[in-house]
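The next block holds one structure in the form of structure tokens; read it before the comments.
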Amino acid sequence: MRLSNAWLLAVASSSSLLLVDGFQTASPQITARRTSSTSLNVAAAVDSSTSSANTTTEEITPITSFTQVNSLPFRQLQRHCKSIGVSAVGSTAVLRGRILSHYGLLREKKFESSDGSGGVSTPQEIEELCATEGITFCDESDPDYGFKSLLSSTMQKSSLGHWKAATRKLKTLNKNYSTPERPVPRDAYLAVLEACGANRLNGARAAEPARKILEDMAENDYEIPVELANDVVFNSLGDGPGGTHDDCGGIDTALAMVAAVEASPNGSTTLTETTYGRLVSVLAQDGAIEEATLILRSMVVEKSFTPPLSTFADVAKAAAKSESHSEDVLQVLTYAKAAGYELDNIAAVETGRDLLASGVIAAEKMDNLALGLRLLTAAAKAEGCAPDSGDVLVAVSSSAAQRACTLIHKRAIQRACEDNNWKLAVKLLELMPKRGLSPATSVWRNVLATCCKNEKSRKATAILLDWITLAEDGKADKPPVSVFNTVVNTCEVCGEEDLTIKVLDVMKKTLDTDGNMVTFNIALKRLAKTGNVLGCEGILIGMLKEGLEPNVVSYTTTIGACAKEGMKNPQMASTWITRMRSRNVMPNFHTYNTALAACLDGKLESSFIASKIASEMLEDAEKELSCGLKGSAKFRSTIPDAYTKVLARQLMKQLRENWRSGDIDMALAKTTTRVPLLKLVDFDKNLAKNDAVECDLEIEEEDVVNELQEQDYEFDLLKDLHKDDRRTAMV
């Protein structure tokens, strides 16, 4: 009894054991030193930092007994440690010891005297108890018994699949018995790691223990089996936030595992492309695009792997969704080509189409139209996509891809139209419906306008008919009347009479209307080109019956019929000027020029009519200069232009031939008929202002704006009023 008491006292004094209300625990300082480098304390530090915000909101109850401390859960122990100003890092026992020490509840247990009196042992009694005179000690026990026993128990638990118990025993073995001369054997690590790795890391719950084992093995230079290493890394990743599975494992755990494996002997070749690919995909899904791209580059460039297309597609999709990583998609496409994939073939599989679709989305964001169209062309070349084409499948793979494809085609068509490249614009427009894209009305109009500008009447008609077909199927809006007018006018310019009639018939069928003002003016132009004055008059009457008031273009076009070469009718031209004035439609310089051109038939009567028209033009021009022009000069100005002076000189020459032939006295002609014509030739708007002219009331600004909007297109058709040096009205 004395010997056992002495041994207890010696052990207690040497190991600094403390007894708290009958429970034996280690000194907080010693325990902290032992566990400061464990993963448990690292996790505790993180947990402590994240829970510090709650420290100020919860009231901390003062501690008065051990029972209170023992009832506190782990996180409340951490908060209490922080509130009293001590470290909150450590295990539950360490935290409890710190709190008890702070409140003075931690004390050393005094040993009772050997006589059982309950008194305190004196130093003499302790010395007597520790006396070894006449006693011989012989230790025949195995010094490695504890190590071997715990190792055997660890292996047994691992074989039974008890991964938690095996992990705890391995930790104790490594902590208490492992020395540089006698480390924990590799087989023990592998046995526990296999137990942890079973059942997909036991639902990822064993991810952290597996990570710690891998790190310990790498630290001890133990080689890690290929299959086992890949399984634990792969299974540590889930589909939850941060790559976790039920809040276990995750990206950080997997990255730590990868670093440990690569640091182990032969670790650079241990992990397979499947494992790396899984890590890359999860990184991309979590938004860590830069890290995913770096690992993907390492796989292709440094390790010469050929990752599956799904890996490239995952990174590309994540980068395409981001506003700041669009250019990373181009890097992913580059890595895919470096890995051996051909962009012209990958659209045959879904993951390849996803990769190309991400490239198209990124190209639209960067406004790289050439790249977007190139990727769609590559998709179209892929075989094995029947019955659809690869570019169609790429374009309709997602709403984002469809939007990007539509915008790319729209912008490319707009630039082609700006460059007057009608062939490219037409080709891109024809591709849109084939790729499942719906061109906007503005796209159709831009292409049609470009074709009409280049006088491609047949192509413009074909595009218009395609537009109508899509509109009938509900895939596009119906073309407006102005589009029909543009095509009809182009057909007229190109001399395609049959196409003109066809387009007018289609307009009647599609819009149930005969057209608007521009349509009637185009019809007037057709008749004016043939000199059919009566036909023009009939159309004007029809316009009035339809409730459309003919405008200055309508009358100018009708007067143009009077100026047809070989069929000139100056009397009717003058009459139409009078008629238009009676309808409160004022002639402009185009109207006067056309009427003057109608007088160039060599007759004296025509010269008189020309002189009268010239006088009216001069009167209107002087009034305009005196009162100012209200409205657009293109619509309302009567100021003589350069061609007016050319016509005036030709008419004076005609008058000179008239007096030479004896039709009129020269002196009379010079003092009467020639005077207005000569004034037109000498007209200078800087000197022609007449202050005596009375001005009419101002035109309301709203009326001017409305007229501008209605007649802008019509006067665009009046740019060339003459062909073959003859002023024939061409509306």
Side-chain angles (χ1 to χ4, degrees), residues 24 26 31 34-35 37-44 73-74 91-93 141-179 182-238 240 243-250 252-254 256-258 260-261 264-265 267 270-272 274-275 278:
Q24 179 175 298
T31 308
R34 288 178 180 174
T35 62
S37 62
T38 64
S39 60
L40 175 63
N41 282 299
V42 174
F74 183 74
S91 62
T92 302
S141 64
D142 186 357
D144 296 331
Y145 173 78
F147 177 82
K148 293 178 180 179
S149 176
L150 187 56
L151 178 60
S152 176
S153 179
T154 302
M155 299 296 286
Q156 182 184 8
K157 292 296 184 181
S158 299
S159 64
L160 295 175
H162 298 171
W163 64 274
K164 291 184 179 179
T167 301
R168 287 194 294 268
K169 291 182 179 295
L170 179 63
K171 181 179 179 181
T172 303
L173 185 66
N174 191 29
K175 176 180 177 182
N176 297 337
Y177 294 95
S178 176
T179 63
R182 187 186 59 190
V184 177
R186 176 174 178 268
D187 292 341
Y189 283 113
L190 293 180
V192 180
L193 185 60
E194 289 177 355
C196 292
N199 300 319
R200 298 178 63 87
L201 281 174
N202 295 279
R205 290 176 298 160
E208 282 297 323
R211 173 194 61 80
K212 185 67 171 77
I213 293 172
L214 291 175
E215 291 175 345
D216 290 344
M217 292 184 70
E219 184 178 354
N220 292 324
D221 289 333
Y222 288 153
E223 185 174 353
I224 304 172
V226 173
E227 183 177 357
L228 187 57
N230 284 279
D231 285 345
V232 295
V233 175
F234 189 93
N235 293 328
S236 66
L237 296 167
T244 59
H245 178 76
D246 292 339
D247 295 329
C248 298
D252 295 324
T253 302
M257 288 180 176
V258 170
V261 172
S264 65
T270 300
L271 298 179
T272 63
T274 303
T275 303
R278 173 63 175 164

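Start at 1 with the first residue, then count along the sequence.
- In this structure, K171 NZ and K212 NZ are separated by 8.5 Å, a value rounded to the nearest 0.5 Å.
- At distances below 3.5 Å, not a single donor-acceptor pair connects side-chain atoms of S149 with backbone N or O atoms of G146.
- Between Y222 and S264, the shortest heavy-atom distance links the atoms O-CB, 3.8 Å.
- In the displayed structure, D144 atom CG is contacted under 6.0 Å by more than 12 heavy atoms of other residues, nucleotides or ligands.
- Between T270 and P225 the shortest heavy-atom distance is CG2-O, 4.3 Å.
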Apply side-chain contact (heavy atoms from CB on, under 4.5 Å) to R205 and D246, showing your working.
-> CA-CA 9 Å; R205 290 176 298 160; D246 292 339; over 6 Å; no
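- In this structure, R186 CZ and N220 CG are separated by 12.0 Å, a value rounded to the nearest 0.5 Å.
- Residues S158 and A166 come closest through the heavy atom pair OG-CB, 3.4 Å.
- Rounding to the nearest 0.5 Å places CE of M155 at 10.0 Å from CG of L170.
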Between D216 and I213, is a side-chain contact (heavy atoms from CB on, under 4.5 Å) present by the stated rule, with each step listed?
-> CA-CA 5 Å; D216 290 344; I213 293 172; 5.7 Å; no
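- Here OH of Y145 is found 11.0 Å from CG of L150. Values are rounded to the nearest 0.5 Å.
- Between T253 and A207, the shortest heavy-atom distance links the atoms CG2-O, 3.9 Å.
- The shortest heavy-atom contact between M257 and V232 is SD-O, 3.6 Å.
- Residues L237 and A254 come closest through the heavy atom pair CD2-CB, 3.5 Å.
- Atoms CZ and NE2, on R168 and H162 in that order, are 11.0 Å from each other to the nearest 0.5 Å.
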Would you please test S236 and L201 for side-chain contact (heavy atoms from CB on, under 4.5 Å) and show each step?
-> CA-CA 7 Å; S236 66; L201 281 174; 3.8 Å; yes
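- The salt bridge (Lys or Arg N to Asp or Glu O under 4.0 Å) check on E215 picks up R211, with sequence neighbours excluded.
- For the pair N235 (side chain) and A204 (backbone), a donor-acceptor distance under 3.5 Å is absent.
- Between the side chain of S152 and the backbone N or O of K148 there is no donor-acceptor pair closer than 3.5 Å.
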For N174 and Y189, run side-chain contact (heavy atoms from CB on, under 4.5 Å): C-alpha distance rounded to whole Å, both residues' side-chain angles, the deciding distance at 0.1 Å, then the answer.
-> CA-CA 10 Å; N174 191 29; Y189 283 113; 3.6 Å; yes
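- Considering CD1 of I224 and CG of L214, their distance stands at 5.0 Å, rounded to 0.5 Å.
- Two residues are said to be in side-chain contact when any heavy atoms from C-beta on lie closer than 4.5 Å; K157 and T167 fail this criterion.
- Using a 4.5 Å heavy-atom cutoff, the side chains of V258 and L271 are in contact.
- At distances below 3.5 Å, at least one donor-acceptor pair connects side-chain atoms of R182 with backbone N or O atoms of Y177.
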